[in-house]
Amino acid sequence: MRLGILCSGNGSNFENIVRTCVRHEVVLMIHNKPDCGAREVARKFGIPSAYSVNEKWMVNELKWAKVDLIILAGYMRVVSEYFVESFDHIINIHPSLLPKYKGLHAVEQALDSGDKVTGCTVHHVTKELDSGAIIRQAEVPILPDDTVETLTRRIHLQEYSILPYVIDNYDYRRVG
Ligand code: GRF
């Protein structure tokens, strides 16, 4: 598949996809923070990348790049209905066991909740934030002395496992 990736931050999931999903090609990475780590990852691997906050431009570029699947990998912005309706296949990785703890600060919320377990979710993207059909989840235990940092790190490790799995098994010819 031809993959298009949207990022805002460190880009560690993006890097993991590049390293792991070797049967696929990341043809474009678009970031909405000018100097984020994802930009460095793109440079390191020679992947075409662009900074933009203009969704119309983004849609045009992604269509021109003929992407089969768009992956929101740490993209900290809600995509519009226009964006969602422009593509058949968009997925997102979120650091909680959805439907719990949608939106920002999902790790903090899980930690504050007293829950014994949290995790991460790969799901289809719809116009409702973090609400599309769930494709795959992984659980991560919350340990008594966990901090946001330690828990985030362990959730990331599971993200590095489930996101490539979903990509490798994704049927982009499926309609709807
Ligand atoms: C991940 O925890 C992901 O679940 C969330 O944003 C984070 C991105 O991290 N949506 P990175 O930029 O891939 O390191």
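Counting convention: from 1, in listed order, for ligands and their atoms alike.
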Peer 1: Can the positive tip of K63 be found less than 6.0 Å from the middle of the six-membered ring of F87, inside 45° of the ring normal?
Peer 2: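 Yes, K63 sits over the ring of F87.
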
Peer 1: Out of C36, G74, S12, who is nearest to atom 11 (P) of ligand 1 when you count heavy atoms only?
Peer 2: S12

Peer 1: A side-chain contact here means heavy atoms from C-beta on lying under 4.5 Å apart; do K100 and D115 qualify?
Peer 2: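 Contact flag for K100/D115 side chains = yes.
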
Peer 1: Quick one: does M76 get a heavy atom under 4.0 Å from ligand 1?
Peer 2: yes

Peer 1: Show the atoms of ligand 1 that are less than 4.0 angstrom away from any heavy atom in I93.
Peer 2: 3 (C), 4 (O), 5 (C), 10 (N)

Peer 1: Should you measure from each heavy atom of E159, which atoms of ligand 1 turn up under 4.0 Å away?
Peer 2: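 Within the 4.0 Å cut-off of E159, ligand 1 contributes 1 (C), 2 (O), 3 (C), 4 (O).
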
Peer 1: Working to the nearest 0.5 angstrom, can you tell me the gap between L163 CG and C120 SG?
Peer 2: 9.0 Å

Peer 1: Can you check whether Y160 has an N/O within less than 3.5 Å of an N/O in ligand 1?
Peer 2: no

Peer 1: Please determine whether residues M58 and I90 belong to a single hydrophobic cluster, defined as Ile, Leu, Val, Met, Phe, Trp and Tyr linked transitively by side-chain heavy-atom distances below 4.5 Å.
Peer 2: yes

Peer 1: Quick one: pull up CZ in F14 and OH in Y75 and give me the separation to the nearest 0.5 Å.
Peer 2: 14.5 Å

Peer 1: Quick one: do L69 and H24 satisfy side chain to side chain contact (heavy atoms under 4.5 Å, CB included)? Show the steps, please.
Peer 2: CA-CA 10 Å; L69 174 64; H24 310 286; over 6 Å; no

Peer 1: Which is closest to atom 12 (O) of ligand 1 in terms of heavy atoms, C120, G37, G11, S8?
Peer 2: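 Closest candidate by heavy-atom distance is G11.
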
Peer 1: Which atoms from ligand 1 have a heavy atom of H94 less than 4.0 Å away?
Peer 2: 4 (O)

Peer 1: Which is it for H156 and ligand 1 at heavy atoms under 4.0 Å: side chain, backbone, both or neither?
Peer 2: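 For H156, the contact with ligand 1 is made by the side chain alone.
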
Peer 1: Any idea how H123 and H94 line up, ring-wise: parallel (<30°), tilted (30 to 60°), or perpendicular (>60°)?
Peer 2: perpendicular

Peer 1: Out of N13, D130, L72, whose heavy atom is nearest to atom 13 (O) of ligand 1?
Peer 2: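 Closest candidate by heavy-atom distance is N13.
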
